[in-house]
Structures are given as C-alpha cells and as structure tokens.
Amino acid sequence: MENELSKIVSRPFAVGGKTIENRLALAPMTMLGNVAFRELVSKFGGCGLLFSEMLNAKRVPTEKPEASGYFRWREEERERLVFQVYGSEPAIMAEAARRVQDEGLFGVDINFGCTAKPICVQNCGAAALKDPAHAEKIVSAVRGAVSIPVFVKFRTGWKDDPAIPVELAKRFEDAGADALTFHPRVSPDRRARPPKWEYIGLVKQAVSIPVLGNGNVFDAQDCLKMLKSTGCDGVAIGRLAVSKPWSFAEFSDPDFAAQEDIYKNTALEYADLLEKHFEPRMGLRRFKRFALYFCASFRYGHSFFKRLKNAESMEEERNVVEEFLKNPPDPFAKPNMNFMV
C-alpha cells in the first residue's frame, strides 16, 4: 500500500499554469499553520503545497511581514505557499489578493470553510455559502485582480445536500478559480459526524479544475482511500499534520522510517522554531495550540496536554516534553479523534 500511495502522491500536477511537485498539501489552520510549523513540516519533506493561516483581507494590504503574527513566511517557501484570506467584500478581497501576488507567493486562497462564530457573524468563511451568488462575486473579483492561482476552500454548505457543493464548485470554476479544496461537512457540523467523502467525488466530476479532498485523513490508508474512491487530485491534511508533522514524508516516501524518539525530538524542535520566529508570548500560545493535537497520539494524552497547557514558559514546555517522553512512547496507530477538537 505504501508504494502505491507514494507513486500517486509523488506525481506532479498543474494549477493555474504552475506545477506542484507533490499531491499532498498542508491544509490551512488558524494558529497552527504558522511559519514555524511550516518550517517544521518542510524539514521532514513530502509536502507539495503549503497553505497559510487565514487572515482578514482588510489587514493584508498594510500588514508588515517582519512584525505580523500571520502574514509572514520564509524565503524558501515563497514559491509553494498559498496565502489564505477571508472577507465578505469583493473589492477588499481583491486588494488583499493583489498584495499576496506582489509578495511573490504561489497563490491566494479564499476561505469559505471556517465555521467559527466570530468569522461567520461577519458573513465570512462558511457563512458566505449562504449566498452563492455573492460568494461567486468574491471569487470573480479576486480572479480579476491577480494572475497567480486562485484557490477556494469550501464546505458542503448549510444543508446536507450533495447538489449544493456541486453547484458551488461550478460557480467557483466559472468565476475563475484555478483549484478547489473541499471539506464535505455541513457548516454547522464542525466534526460531530464523519465527512461524506462521496461528495468529494461528485464535486470532482462536476468541474475540470483540480480538487483537493479534505477531512478525516488520519493515516496512509485513509489518504489512499480518499484518492482512489473520490478521484480527487490531491489531499489537504490538517489535524494529522499537527499530530504527526512527518506524515507527508511517510506518505510520499515508502522508505521513510520514523525513529523511536521522533515525537520528543519533533516537539522540542518546534519549540525552537517558535522561538526563532515569534516573541515569547506569541510563540508559547502557538505551542499550546499545537499541544492539543500532538497529545492526541498518546495514551494518557489528556494529562500530558494539561501539563503543557499550564506551562508558563517555553522552557517549562520543554521540560514537560522531556519528562513525558523520556522513554519511547507507545502511540496510537491513529490519533484519538475524540481528543481532538
């Protein structure tokens, strides 16, 4: 199975006239897909495309990468980084996209997937799907503003009806989107029910542009099943990437072998990278968010997470990691999905 998966995901594909060398993508995740975490993933390798954290489009034109907690990147990732923005006004989204293009990034991603209440009350994120015509106008405005690839991340909608995402996908393609990332859950249902992967297949059949599948890929078998059962062009991996940042390397390289101390070393290296890229308070906050997903791999993960959550400094975080993982752990085959949120 490993050889079959690696052969599939290692095939290049094109989006908007640009080539992506690998069919695995780091899904956009707020406070998780930051510049330090993207560097961690890149050290392991195997990830073809990186998506940033989402950022309010209103902030993008004046944001300073050297000071921003979100609008920043490493020079080495610039040519494979897609920056995600959210907003409800087409003109403002277009202006944000122009700034992304001016920075020389690979592409821009429109967030129609976030279900967080503070985002949805602004008619942004998944709330935009309630008015498909207006969502289409946003995509069209962004397309008209830039020549770089335009991605759209979206959900099933606000009703469990496969016809809805199919219609949305067609609208987004007609508006000029170069690729779609589709998470097949209804918007009010964050993770209470499993995503309906069969909807990914329907979306893929409805459009001619690439479609990345997203949702509940927690091991190599899940990844292969999503690719083969839906026909999607690639897989965007979120929670698993945080729990096991080496998953991209594992899926794309059949010879990759995780060392027994990989969990401890990865957590400690991430602490170092956060200190490299962020001031202490900001870095510590991001490590705590990472810890929730990272601890989902372990028996007694709740107690591990509690100690990491209560740590008051990055040095204390390191001490907790060293103590809990001083002996090689016996992790779950898949992260504990009930532990994650």
Side-chain angles (χ1 to χ4, degrees), residues 1-11 13 20 22-30 32-33 37-38 40-42 44-51 82 84 109 113-115 151 153-156 165 179-186 189-204 210-254 256 258 262 266 290 292-297 331-341:
M1 186 212 32
E2 289 81 5
N3 283 329
E4 183 179 10
L5 177 59
S6 66
K7 287 178 181 178
I8 294 174
V9 301
S10 297
R11 292 201 305 261
F13 71 113
I20 302 168
N22 182 290
R23 293 174 182 260
L24 299 176
L26 174 66
M29 296 176 287
T30 302
L32 292 166
F37 184 73
R38 297 195 305 266
L40 181 67
V41 167
S42 297
F44 285 110
C47 183
L49 202 61
L50 301 166
F51 284 83
V82 180
Q84 186 182 80
D109 185 37
C114 182
T115 61
F151 294 73
K153 169 75 184 292
F154 73 111
R155 286 176 169 254
T156 297
L180 307 173
T181 303
F182 178 50
H183 183 93
R185 280 189 172 99
V186 293
D189 178 9
R190 298 187 71 180
R191 295 191 187 105
R193 300 177 182 84
K196 296 187 175 180
W197 287 2
E198 62 270 25
Y199 290 8
I200 298 175
L202 295 175
V203 165
K204 174 58 187 171
V211 174
L212 302 180
N214 175 237
N216 279 29
V217 170
F218 291 114
D219 62 13
Q221 187 173 355
D222 289 342
C223 188
L224 182 60
K225 183 178 179 181
M226 176 180 280
L227 286 162
K228 294 181 70 174
S229 67
T230 70
C232 63
D233 299 277
V235 178
I237 299 173
R239 289 176 289 166
L240 176 66
V242 185
S243 181
K244 298 179 178 180
W246 55 89
S247 294
F248 300 100
E250 192 173 45
F251 293 177
S252 61
D253 181 2
F256 178 86
I262 194 169
T266 296
F290 157 83
L292 173 64
Y293 295 81
F294 183 71
C295 293
S297 288
F332 297 122
K334 291 186 178 184
N336 180 0
M337 290 180 284
N338 293 323
F339 186 87
M340 294 175 163
V341 295

Fit a plane to each ring of Phe290 and Phe37, take the angle between them on a 0 to 90° scale, and name the class: parallel (under 30°), tilted (30 to 60°) or perpendicular (over 60°).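 The arrangement is tilted - the two ring planes meet at 30° to 60°.
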
With a cut-off of 6.0 Å (strictly less than), are more than 12 heavy atoms of other residues, nucleotides or ligands near NZ of Lys225?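 Incorrect, the count does not exceed 12.
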
Mind listing the closest non-hydrogen atom pair of [X] and [Y] along with its distance?
X	Y	result
Ile200	Cys232	CG2-CB, 4.0 Å
Asp233	Leu227	C-CD2, 4.5 Å
Asp253	Ser6	N-CB, 4.3 Å
Pro28	Gln84	CG-NE2, 3.2 Å
Arg185	Pro194	NH2-CA, 3.9 Å
Leu212	Ala25	CD1-CB, 4.2 Å

Nearest 0.5 Å, please: how far is [atom2] in [Y] from [atom1] in [X]?
X	Y	atom1	atom2	result
Leu240	Ser297	CG	OG	8.0 Å
Asn216	Arg193	CG	CZ	13.5 Å
Phe182	Tyr199	CZ	OH	8.5 Å
Lys196	Thr156	NZ	OG1	8.5 Å
Cys295	Asn336	SG	CG	11.5 Å
Ile8	Phe251	CD1	CZ	12.5 Å

Does [X] use its side chain to pair, donor to acceptor, with the backbone of [Y] at less than 3.5 Å?
X	Y	answer
Asn214	Thr181	no
Ser243	Arg239	no
Arg23	Val235	no
Trp197	Gly215	yes
Arg155	His183	no
Asn22	Cys47	no

As a quick check of understanding, evaluate side chain to side chain contact (heavy atoms under 4.5 Å, CB included) for Leu5 and Cys223, giving each step before the final call. CA-CA 8 Å; Leu5 177 59; Cys223 188; 3.9 Å; yes

Before you tell me yes or no, could you show the steps for Cys114 and Thr30 under side chain to side chain contact (heavy atoms under 4.5 Å, CB included), namely the whole-Å CA-CA distance, both residues' side-chain angles and the distance that decides it to 0.1 Å? CA-CA 10 Å; Cys114 182; Thr30 302; 5.8 Å; no

Candidate pair Leu40 and Thr266, rule side chain to side chain contact (heavy atoms under 4.5 Å, CB included), full reasoning: CA-CA 8 Å; Leu40 181 67; Thr266 296; 3.9 Å; yes

Test: Lys228 and Glu4 ion pair at under 4.0 Å: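 Salt bridge present between Lys228 and Glu4.
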
Report the C-alpha distance between Phe51 and Leu26 in whole Å, list the side-chain angles of each, state the deciding distance to 0.1 Å, and finish with yes or no for side chain to side chain contact (heavy atoms under 4.5 Å, CB included). CA-CA 6 Å; Phe51 284 83; Leu26 174 66; 5.7 Å; no

Is the shortest side-chain heavy-atom distance between Ser42 and Leu50 below 4.5 Å? yes

Check: Pro165 and Phe154 side chains under 4.5 Å, non-hydrogen atoms: yes

